[in-house]
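A quick write-up on the structure given underneath.
Residue numbering restarts at 1 for every chain, and letters A, B, ... go by the order of the sequence lines.
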Amino acid sequence: MLRRNLLKGLFATAASCLLPLKYAYSKTYLTIEQAKKILWPSELLTEYPLTLTEQQAELIEDLSDIRVRNLKLNVWKTKSGGWFIVDQVIGKHENIDIAVAIDEQGKVRGIEVLTYRESYGDQIMHPKWRAQFHGKDSSEFLKLDRQIKNISGATLSCRHVTDGINRLNHTWAQVLSKHV
Amino acid sequence: MSSENKYNSLERCKPLLGTYVEVTLSGLVDDQSLIKASQNVFRAIERIHNMMNFHDIKSELSQLNRKMLISTNIEHEVSSELYTVIAMSVDLHQKSGGLFDPTSNQFKHLAFGELTLKQIGFLAVNLGNLGDLSLSGSNVVNTKHLCINLSGIAKGYAVDYAINSLPKGIDYIINAGGDIAMSDWQNKAINVKYSKLPWAVKRHKMKNCAVATSGNYYHSNTGHIVNPVTKKNHAFKGSVTVFAPQVVLADALTKVVLLMKRSEAKLILKAFNAYAIRINRLGLAKQV
């Protein structure tokens, strides 16, 4: 028993030396420009710089029960009052860029995943690691980028994205809808 | 994407069916045609999702479940799509000796306004299984009170259904949370995920046009599959992958193969023209 435990420990130590401590996998589906053409095909989009106040962020957090991680919004506006938003959602091991189109009535008319990133390790929780992705195309910055295609595996829940959409719905109701 | 009429490709991903659905299309068509084709695929998947969503009380499946919880021995008319999935389920239930059984005892969300507390209490211990459901023409009949949860296989069926929306000349790979269908599969391979670690994938040649994998590595318990015959939690590690002629069948068969002895699993795979592998936590693969 002691010998077996010793061998298990030696094996685990050797394995941990060989395995990458922080490994990232990512997949990019669409660029921001491609997503704009798909979600708002016949509309001209104008960039609309907006930063939430602390008060607004707190209100959105209270209403959606989801943390607001970035006060700066990446939003574009259509002539008819619709919105195109690029945002980031974070799960336990995933960091996902999404594009969401919301119409002038506040209804979500489309959602696209732009980039899906998965990591194993704690960097996903570090603000500096997350900040490098915010509002950018993934091709600019990933140091470890492995494209693995056609993955068949156990089903991963998209709950974090739907939570993110819920937060954006409240962002529209509390902030964007007032910018007509 | 490109606007010229050369070989173009498009890859999109949306949250649907409670997971991520990836649609990859390519062909000698312009990018607008690929966008339009992908929109049709997502619309088709959403249609099946709305129809068979167990948690949505307005879905067709929930309406059928409510009727089957309240009454027995009455013929219920269902859509051709729902009938197809139920018929496949009944067939596999019989051929697997009851190991495939998508009935559920989580029905309380359907009971509001329809059932009394006493009735709910009675049903909680007196629900039947899929063996108590039969087909009559294009209708279904339950001889005992029943509730069906098609969540897992509805995902696979949604992919099979969506393929029909694609015009000829467009190659496709549709991946709904790991349930995959692809054209020209003979020249392709997949990567099977056998652990939650991002690098834990095993490359394998496609053995048929559809593939599905079951694994419990995203769950904290060692087993997330309950044996419907013994009612016990079945512990396993790693994953099971099934290649089959349809995604709905591949998905359903993963549950059966997990629970069966290897010799029995071989027979049922042969009966459905399917092929399966098991991969353990260390990434070692073995044909079932």
Side-chain angles (χ1 to χ4, degrees), chain A residues 11 15 18-31 33-35 37-39 41 89 91-100 108 110-121 124 144-165, chain B residues 1 10-24 31-32 35 38-39 42 151-152 155 173 175-180 182 188-204 206 210-219 224 239 241-243 250-251 254 282:
Chain A
F11 179 77
L18 292 169
L19 287 172
L21 289 174
K22 289 174 183 181
Y23 184 94
Y25 149 77
S26 85
K27 187 160 184 179
T28 297
Y29 298 95
L30 299 172
T31 63
E33 292 308 311
Q34 288 170 337
K37 284 180 189 161
I38 287 173
L39 292 175
V89 295
K92 199 172 174 187
H93 298 297
E94 323 91 73
N95 178 312
I96 304 164
D97 286 351
I98 56 170
V100 182
V108 174
I111 306 162
E112 296 285 337
V113 173
L114 301 178
T115 301
Y116 177 95
R117 295 174 208 88
E118 198 173 304
S119 82
Y120 192 78
I124 205 150
L144 271 173
D145 180 2
R146 200 173 142 187
Q147 288 281 335
I148 306 174
K149 294 191 175 183
N150 305 334
I151 297 177
S152 179
T155 304
L156 186 63
S157 166
C158 66
R159 183 178 59 85
H160 299 294
V161 170
T162 49
D163 286 348
I165 303 300
Chain B
M1 291 195 294
L10 168 67
E11 196 164 13
R12 291 172 68 183
C13 178
K14 281 178 174 291
L16 266 177
L17 302 168
T19 182
Y20 298 102
V21 178
E22 296 178 337
V23 173
T24 306
D31 56 352
Q32 282 308 310
I35 291 173
S38 62
Q39 303 281 47
F42 284 121
S151 295
K155 190 159 51 79
I173 301 173
N175 185 342
D179 283 10
I180 303 176
M182 56 175 79
K188 292 193 174 102
I190 52 150
N191 290 288
V192 179
K193 198 162 170 60
Y194 56 87
S195 140
K196 66 181 178 186
L197 301 173
W199 59 82
V201 289
K202 182 99 181 169
R203 193 170 169 79
H204 201 285
M206 284 294 285
V211 60
T213 298
S214 272
N216 61 353
Y217 36 82
Y218 289 127
H219 297 260
H224 78 286
S239 65
T241 297
V242 174
F243 300 85
D251 192 295
T254 59
L282 300 175

Heavy-atom pair count under 4.5 Å with chain B, highest-scoring of A/Leu114, A/Ile98, A/Thr162, A/Val161
A/Val161
Could you have a look at A/Gly110, A/Cys158, A/Ser157, A/Ala35 and say which one has the most heavy-atom pairs with chain B under 4.5 angstrom?
A/Cys158
Starting at [atom1] of [X], measure out to [atom2] of [Y] and round the result to the nearest 0.5 Å.
X        : Y        : atom1 : atom2 : result
B/Arg203 : A/Ile151 : CZ    : CD1   : 11.5 Å
A/Asn150 : B/Met206 : CG    : CE    : 8.0 Å
B/Glu11  : A/Thr28  : CD    : OG1   : 9.5 Å
A/Lys27  : B/Tyr20  : NZ    : OH    : 13.5 Å
A/Tyr29  : B/Arg12  : OH    : CZ    : 12.5 Å
A/Lys37  : B/Ile35  : NZ    : CD1   : 8.0 Å

Which atoms of [X] come close to chain A, meaning under 4.5 Å heavy atom to heavy atom: side chain ones, backbone ones, both, or neither?
X        : value
B/Ala176 : neither
B/Thr19  : both
B/Ile173 : side chain
B/Lys188 : neither

Identified side chain to side chain contact (heavy atoms under 4.5 Å, CB included) counterpart of A/Ser152 within the set B/Thr213, B/Asn175, B/Val242
B/Thr213
I need the residue from B/Ile180, B/Thr254, B/Leu16 with the largest number of non-hydrogen atom pairs under 4.5 Å to chain A.
B/Ile180
